[in-house]
Number of protein chains: 2
Amino acid sequence: MLKQETIFPTDDTPSSVAHAATSPTNKVKSLASEKSSTTLADQILVQIQTSIIKGELPAGSKINEQALAEKYGISRGPTREALQTLERQRLVVRAPHVGARVAQLTVSELNDLYQLRSVLEGMACELAASRITPEQLAKLQDLLAVQETALANGDTYFQEEGDVDFHYQIIQASGNKHLQETLIGGLYHLLRMYRYQCTNKNRPVKAIAEHRRIVEAIAQRDGELASLLMRRHIEQGRKNTELRLIELQANAAAKETLANIS
Amino acid sequence: MLKQETIFPTDDTPSSVAHAATSPTNKVKSLASEKSSTTLADQILVQIQTSIIKGELPAGSKINEQALAEKYGISRGPTREALQTLERQRLVVRAPHVGARVAQLTVSELNDLYQLRSVLEGMACELAASRITPEQLAKLQDLLAVQETALANGDTYFQEEGDVDFHYQIIQASGNKHLQETLIGGLYHLLRMYRYQCTNKNRPVKAIAEHRRIVEAIAQRDGELASLLMRRHIEQGRKNTELRLIELQANAAAKETLANIS
DNA sequence: AAACGCCAAATTGTCGACAATTATCATTTT
DNA sequence: AAAATGATAATTGTCGACAATTTGGCGTTT
C-alpha cells in the first residue's frame with residue numbers, strides 16, 4: 001500500500017486536468033483502472049472546478065445542490081462537501097441557508113488577488129533561489145525548454161497549462177509548506193478562472209522570455225533578482241487580464257441594457 | 001436539546017466579548033436576544049476550535065467523528081462540515097477513509113508559518129499605511145492605549161486577545177480582501193494555537209512598545225517603516241514561540257522515554 | 001404604484017441507517 | 001521472535017427522508 005508522491009493530498013496536480021475536462025454530464029465511477037477511487041466528493045470536485053473555470057457555470061450564478069448532485073448521479077452529501085472545498089479555493093461563495101454562488105469576477109478583486117499573488121510568488125522565488133535542488137532546477141529548465149520549442153513551433157495549445165506548471169514548480173521549490181498550501185490550495189484555482197475567461201493569446205511570447213530570465217536568476221541563486229523579475233512578470237499578467245476583464249464586462253453590460261430595452 | 005451561548009459566526013471578530021469597548025464595529029444586531037441559530041456546524045465549529053487551540057484536543061491526536069458528534073449532541077453531518085472548515089484553518093489534517101487529526105506542532109512548520117505571516121503582515125502594514133481611514137486609525141490608537149494602561153496596571157489577562165486584535169485591525173485596514181481572508185480565515189487560528197500552547201508571559205512588555213512604533217509609522221503614512229517594524233516584531237514572536245516549543249517537545253520526549261523504560 | 005404581510009413552494013440543514021474502507025488482532029508461517 | 005495472513009471490529013463515506021429556513025408570488029393596504 002503505497003501512496004502517490006505528490007506533496008498535496010488535498011488537491012490534484014494541475015497538469016492532470018488538461019484532457020480530463022471533455023466529459024461533462026456523465027456518471028463517473030466506472031471505466032476505472034484509473035488510480036482514482038478516492039471519494040465521490042473528490043471526483044466531482046475536479047469536474048465542478050473545471051466547469052467553473054471554463055465558465056460553463058457562469059460567474060456569479062447560483063448553484064443548486066440538488067441539480068448538481070443529479071447531474072453527476074450522486075447524492076447531496078458529497079456534492080455539499082465539494083462545494084465547501086470550492087469555497088476554500090475561492091471559486092464559490094456560500095451563505096448559510098441561502099446557498100452557493102460561483103465567484104464573481106470583478107476588477108477590484110482581480111487587483112487584490114494579483115497583489116497578493118505577487119508578494120507570495122516573490123517570496124517563493126527568493127526561497128527557491130536558495131533552496132532549490134539540482135533535480136528540481138533541471139526539471140524547471142526542461143519545462144522551460146519544452147515551452148520554448150512549443151512556442152517556436154507555433155503550438156499554442158498547452159501554453160496555459162505550461163505556465164501554471166512553471167509557477168507551480170517554483171512554488172514547490174520554495175519548500176515552505178504553508179506558502180505552498182496558500183497559493184496552490186487557496187489562490188491558484190481562482191487565478192486560473194480569471195485567466196481562462198480573460199485570456200489573451202498574444203501574451204505568451206513575452207511571458208516565456210520572462211520565464212527564462214527568472215529561471216536564470218534562480219539558477220544563479222540570486223533570490224532578490226528572481227523575486228523582482230517574478231513580481232514584474234505577474235504585474236504584466238495582471239494588466240493584461242485587467243484589460244480583457246474590463247472589455248468583457250463592458251460587453252456584458254451592453255447586452256444587459258439591450259435586453260432591458262426590448 | 002442543544003444550546004450554548006458563546007457563539008460568534010465563522011471567523012469574524014476574533015476577540016471575545018472580554019473588552020467589547022475596543023471593537024465597536026459590531027452591527028447592532030447582536031443586542032436583539034440571541035438570534036444565534038445560524039447553523040449547527042458553525043456553532044460547534046468555534047467550540048472545537050477553542051478545544052484544539054487550548055490543547056484539550058491534544059496536537060496530533062486522532063479525532064473520531066462519531067464521538068465528537070455525540071459530545072455535542074448532534075449528528076455526524078454538521079460535525080463533518082465543521083471538521084472540513086477546521087482543515088481550511090489548518091487546525092486539522094484529514095485524509096480520505098482515514099479520518100481527521102489535530103494538527104501537529106513542529107518547529108519547521110512553525111518557521112514556515114511565521115515566515116509566511118511575516119511577509120503577509122508586512123504587506124498589510126504597507127497597504128494600511130496608505131489606505132487606513134481616520135476612524136480606523138483612531139480605533140487602532142484607542143486599542144493601543146487600552147493595552148498600555150492595562151499593562152501599566154499589571155493586568156495581564158487580556159494580553160493575548162489584545163494582541164490578536166491589534167494585528168487583526170491592521171489587516172482589516174489593509175483593505176485587500178484576499179489578504180484578509182488568507183490571514184484571518186487561513187492562518188490565524190493555527191497561529192493562536194501555537195501561541196496559546198507555547199506562551200511566554202514575559203514578552204508583552206516589549207511587544208506593546210513595538211506595537212506603538214508600528215502604529216506611529218502607519219499614522220505617518222510610512223508604509224516601508226511600518227512593514228519593517230512589523231516584520232521584526234513578528235520575528236521576535238517567532239523566536240519566543242520557538243524556544244518554548246522546543247522545550248515543550250523536549251519534555252514530551254523525556255516523558256515518552258520514561259514511559260517506555262518502565 | 002409602492003410597500004407590507006402572509007401563504008405556498010423551493011432550497012438548504014440535519015438526521016439515522018447502510019455501504020465501503022481501513023484498522024485491529026489473533027493465528028499462522030518463516 | 002518477527003513478519004505475513006486473514007477474519008472481525010471500528011470508522012469513514014454515501015444515501016434518502018424529514019425539518020428548518022428562505023424565496024417568490026399574491027392580495028391587501030396606504
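Lettering of chains follows the sequences in order, A, B, ..., and the numbering in each one begins at 1. The structure presented is a predicted model; accordingly, all values stated were derived computationally and were not measured.
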Nearest heavy-atom neighbours spanning B:Ser174 and B:Leu179: OG-CD2, 3.7 Å

From NE2 of B:His97 over to P of C:dT22, roughly how many Å is that when rounded to an integer? 6 Å

Value in whole Å for how far the C1' atom of D:dT12 lies from CD of B:Gln66: 10 Å

Measure from CD on A:Glu65 to C1' on C:dT14 and round the result to the nearest Å. 12 Å

Side-chain donor-acceptor pair under 3.5 Å between B:His178 and A:Arg90, yes or no? yes

Interatomic distance where CG belongs to B:Leu68 and P belongs to C:dC15 [whole Å]: 14 Å

When you measure from the side chain of B:Ala41, which nucleotide among D:dC15, C:dT12, C:dT14 comes out closest? C:dT14

Can you check the B:Ile63 CD1 to D:dT11 C1' distance for me, whole Å? 14 Å

Ignoring hydrogens, what is the shortest heavy-atom contact between A:Ala41 and A:Pro78? Give both atom names and the distance. CB-O, 3.7 Å

When all nucleic acid strands are considered with a 4.0 Å heavy-atom cut-off, which category describes B:Leu83: base, sugar-phosphate, or nothing? nothing

Quick check: on DNA chain D, is the nucleotide nearest A:Arg76 upstream (toward 5') of the one nearest B:Ala100, or the reverse? Name the residue that is more 5'. B:Ala100

For C:dT14, does OP1 or OP2 lie under 4.0 Å from any side-chain N or O of B:Thr39? yes

Minimum heavy-atom distance A:Tyr72-A:Ser51, with the two atoms named: OH-OG, 3.9 Å

So does B:Lys62 get a side-chain nitrogen or oxygen closer than 4.0 Å to the phosphate oxygens (OP1/OP2) of D:dA10? no

Residues, nucleotides or ligands: over 12 heavy atoms within 6.0 Å of A:Lys62 NZ: yes

Rounded to whole Å, how long is the line connecting atom CD1 of A:Ile44 with atom P of D:dC15? 9 Å

Tell me whether A:Arg94 is salt-bridged to B:Glu81, with the criterion being a basic N under 4.0 Å from an acidic carboxylate O. yes

Salt bridge (charged side-chain N to carboxylate O under 4.0 Å, His left out) partners of residues 103-113 of chain B, not counting sequence neighbours, each pair once: A:Lys177-B:Glu109

Identify which nucleotide among C:dG16, C:dT12, C:dT22 has an atom closest to any side-chain atom of B:Ser75, counting heavy atoms from C-beta outward. C:dG16

Between the CD atom in A:Gln197 and the OG1 atom in A:Thr241, the distance rounded to the nearest 0.5 Å is 11.5 Å

Whole angstrom value for the distance that separates P of C:dT22 from CZ of B:Arg94: 15 Å

Give me, pair by pair, the N or O atoms of the protein and of nucleotides 5-10 of chain C that are less than 3.5 Å apart, along with how far apart they are.
none

Touch class at under 4.0 angstrom, heavy-atom based, for A:Gly77 against every strand present: nothing

Counting N and O atoms only, with roles assigned by atom type, does the side chain of B:Gln172 sit under 3.5 Å from a partner on the main chain of B:Gln136, one being a donor and the other an acceptor? no

Under 3.5 Å between N/O atoms: give me all the protein pairs with nucleotides 5-8 of chain D, atom names plus distance.
none

Using whole Å, what does the distance between atom P of nucleotide C:dT14 and atom CD of A:Glu81 come to? 14 Å

Which nucleotide sits closest to the side chain of A:Pro78: D:dT12, C:dT12, D:dC15? D:dC15

Answer yes if the side chains of A:Gln89 and A:Gln49 hold a donor-acceptor pair under 3.5 Å, and no otherwise. yes

